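The structure appears right after this line, and notes come after that.
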Amino acid sequence: MGAMSVKVRMAPSPTGFQHIGGVRTFLFNWLFARQQGGENLLRIENTDTSREVAEATEHVQESLRWLGIDWDGPVRFQLDTADRARDLAHQLVAEGKAYEDDGAIRFRQPTDGTVSWVDAVRGRIEFQNDKLADLVIVRSDGRPTYNFVSPVDDMLDGITHVIRGEDHVSNTPTQINILRALGADLPVYAHVPNINGEDGRKLSKRHGAVSAAEFRSAGYLPAAMVNFLALLGWSYDDKTTIMSRHELVERFSLERVVRSPATFDYKKLDWMNGVYLRNLEPQEYAHDLLRWLREQGIDWDERTVCASAPLVQEKIERFGQYPDMCRFLFEPVSPDGADPRICAAARDRLATVEPWEASRIEDALRELAEELGEKPRAAFGPIRLAVTGAKVSPGLFESLELLGRETSLERLGAAAAG
RNA sequence: GGCCCAUUCGUCUAGUGGCCUAGGACACCGCCCUCUCACGGCGGCGGCACGGGUUCGAAUCCCGUAUGGGCCUCCA
């Protein structure tokens, strides 16, 4: 047969929410597996089977599904191999490669020489064996520990490439020694850099959104998230930034993953999401927007939402900005501060516009502005305020058309009276 | 404290000894467009952490220092 095929794994901890940094690491696993035509497993690193774990597990899957990061075969659980790991630990004891200590079992590290490996992203890394502590591999209560089960599972699953966060670099020499003691082949290790907040510390709540779910409810598109995340610690060349999922799969390589940690740039994500939003077909944009609104529990009229979609497509970079921008189409507004004189004149002029469509409305209002001796900018401001209740809105004429003559005149009238 | 890792514009990065008076993108600033906000166009600001080597030549190689991070749990 051909060369051994690639098999990687995504190994989340069931913590209740999926950190975006973890997602990035999973994305690298996924990109690598898909590009190599290999397998990508999902293995939950659980140590118990509580209801919380079950919910967290479901949450992880939901986040990955949202982003289109799929996995092969059933979801695996670290706990499932606990018995097997325990047996292997006893085998190591029998062979003198581990020993009992206060009821626990400790792995006996080699006392001299070095352990090293050629990391697929960081190059050669070497540790002195005598600096490695004898690791507890089975607790006194019989539960195997993470740093034992993890390599054991990798061995059992036939993992060829361990792609994980750089915080595992220090665990690697011990895991390698364990694998060797077990007589297993070593996988290729690839330690990818961390993602930090602006202060150089681990990305956390105080920096902004951190979980996949938060980005979802803020109105980011999966394709934009994937593109952005892929570029955090990896690049294709010196000028390409917008890449489709397909292009990413085609171009990804571990060799081009950088070694230094990256800072999460929310503004760049916003920009990129805007690019993706603007590139959507109008139909698709309206559809995605509507779906997002429904996910948020906002039940604004579907036809109006769809009709307003083209008005905002070039104006917002996240769906989360839509409600504030278009609320006036669905809820009453308060026209505080709108110049009564202009609003009254606009109401009178608009009353006879026929038919009620943007271009006619525009003609009428421009004429009016000229008659009033006002610059368009000065004349339209009060009208916008009266009709949309805000200083920023979609195009004024289109907004008026969408709102309808009746409501528009009402609002103008209210502002004229106020 | 010990071990390991990292260090190019504010941010993500290109760069693997001469193509670099260091390129791109985001952000920022200015101008243009313009009914607001955006979009788009044009221009600008801005960086090789520091110090020693090696070399005809260093962002690129070596050593040291500084700074930041990770691990050192019967956590994962």
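Convention: sequence-line order gives letters A, B, ...; per-chain numbering from 1. The analysis underlying the following values was restricted to heavy atoms, covering all of them including side chains, and did not include hydrogens, waters or symmetry mates. From a predicted model like this one, the values you see are computed outputs, not experimental measurements.
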Rounded [atom1] spacing from [N] to [M] in Å:
{"N": "B:U21", "M": "B:C48", "atom1": "C1'", "result": "14 Å"}
{"N": "B:A49", "M": "B:G10", "atom1": "C1'", "result": "16 Å"}
{"N": "B:G46", "M": "B:A22", "atom1": "P", "result": "12 Å"}
{"N": "B:U16", "M": "B:C72", "atom1": "P", "result": "37 Å"}
{"N": "B:C71", "M": "B:C12", "atom1": "C1'", "result": "27 Å"}
{"N": "B:G51", "M": "B:C56", "atom1": "P", "result": "23 Å"}
{"N": "B:C3", "M": "B:U60", "atom1": "P", "result": "26 Å"}
{"N": "B:U8", "M": "B:G24", "atom1": "C1'", "result": "13 Å"}

Using atom [atom1] of [X] as one end and atom [atom2] of [N] as the other, report the distance to the nearest whole Å.
{"X": "A:Phe107", "N": "B:C72", "atom1": "CZ", "atom2": "P", "value": "17 Å"}
{"X": "A:Leu231", "N": "B:A25", "atom1": "CG", "atom2": "C1'", "value": "9 Å"}
{"X": "A:Leu135", "N": "B:C75", "atom1": "CG", "atom2": "C1'", "value": "12 Å"}
{"X": "A:His191", "N": "B:C3", "atom1": "NE2", "atom2": "P", "value": "20 Å"}
{"X": "A:Trp117", "N": "B:C4", "atom1": "CH2", "atom2": "P", "value": "11 Å"}
{"X": "A:Phe228", "N": "B:U11", "atom1": "CZ", "atom2": "C1'", "value": "9 Å"}

Is any side-chain heavy atom of [X] closer than 4.5 Å to a side-chain heavy atom of [Y]?
{"X": "A:Leu412", "Y": "A:Val387", "answer": "yes"}
{"X": "A:Met243", "Y": "A:Leu231", "answer": "yes"}
{"X": "A:Val115", "Y": "A:Arg180", "answer": "yes"}

Taking any heavy-atom pair under 4.0 Å as a contact, classify [X]: base, sugar-phosphate, or nothing.
{"X": "A:Ser140", "value": "base"}
{"X": "A:Lys315", "value": "base"}
{"X": "A:Ala262", "value": "sugar-phosphate"}
{"X": "A:Gly381", "value": "nothing"}
{"X": "A:Gly395", "value": "base"}
{"X": "A:Lys267", "value": "sugar-phosphate"}
{"X": "A:Asn196", "value": "nothing"}
{"X": "A:Val258", "value": "sugar-phosphate"}
{"X": "A:His168", "value": "base"}
{"X": "A:Arg256", "value": "sugar-phosphate"}
{"X": "A:Leu396", "value": "base"}
{"X": "A:Asp101", "value": "base"}
{"X": "A:Glu126", "value": "sugar-phosphate"}
{"X": "A:Phe397", "value": "base"}

I'd like to know whether the aromatic ring centres of A:Phe228 and A:Tyr266 sit less than 6.0 Å apart in this structure.
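So the answer is no for these two rings.
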Does the structure place the NZ or CZ of A:Arg24 under 6.0 Å from the centre of the six-membered ring of A:Phe28, at an angle of no more than 45° from the ring's axis?
yes
5' precedence on RNA chain B between A:Asn147 and A:Pro193 (nearest-nucleotide basis):
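Result: A:Pro193.
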Which residue lies toward the 5' end of RNA chain B, A:Thr263 or A:Phe127, if each is placed at its nearest nucleotide?
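Closer to the 5' end of RNA chain B: A:Phe127.
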Any idea which of [options] is nearest the [X] side chain?
{"X": "A:Ile125", "options": "B:A25, B:C35, B:C5", "value": "B:C5"}
{"X": "A:Asp265", "options": "B:G10, B:A76, B:C74", "value": "B:G10"}
{"X": "A:Arg278", "options": "B:G70, B:A76, B:C39", "value": "B:C39"}
{"X": "A:Lys131", "options": "B:G2, B:A76, B:C26", "value": "B:G2"}
{"X": "A:Thr47", "options": "B:A76, B:G69, B:U36", "value": "B:A76"}
{"X": "A:Met325", "options": "B:A76, B:G69, B:C37", "value": "B:C37"}
{"X": "A:Asp238", "options": "B:A14, B:C71, B:C12", "value": "B:A14"}
{"X": "A:Asp167", "options": "B:G23, B:G70, B:C39", "value": "B:G70"}

Ignoring backbone atoms, test whether [X] places a side-chain nitrogen or oxygen under 4.0 Å from the OP1 or OP2 oxygen of [N].
{"X": "A:Arg164", "N": "B:A76", "value": "no"}
{"X": "A:Arg377", "N": "B:U36", "value": "yes"}
{"X": "A:Arg366", "N": "B:C35", "value": "yes"}
{"X": "A:Arg384", "N": "B:C37", "value": "no"}
{"X": "A:Ser235", "N": "B:A14", "value": "yes"}

Test A:Phe319 against every option in A:Phe215, A:Tyr220, A:Tyr285, A:Tyr276 by the ring-ring contact (aromatic ring centres under 6.0 Å, His included) rule and name the one that passes.
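The ring-ring contact (aromatic ring centres under 6.0 Å, His included) with A:Phe319 is passed solely by A:Tyr285 among A:Phe215, A:Tyr220, A:Tyr285, A:Tyr276.
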For A:Ile44 and A:Gln61: C-alpha separation, side-chain torsions, deciding distance, then whether side-chain contact (heavy atoms from CB on, under 4.5 Å) applies.
CA-CA 10 Å; A:Ile44 310 291; A:Gln61 296 180 68; 5.8 Å; no
Please check if any side-chain donor atom of A:His207 sits under 3.5 Å from a side-chain acceptor atom of A:Asp199, or the reverse.
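Indeed, the side chains of A:His207 and A:Asp199 share at least one donor-acceptor pair under 3.5 Å.
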For atom CZ of A:Arg51, decide whether the heavy atoms of other residues, nucleotides or ligands shown that lie under 6.0 angstrom number more than 12.
no
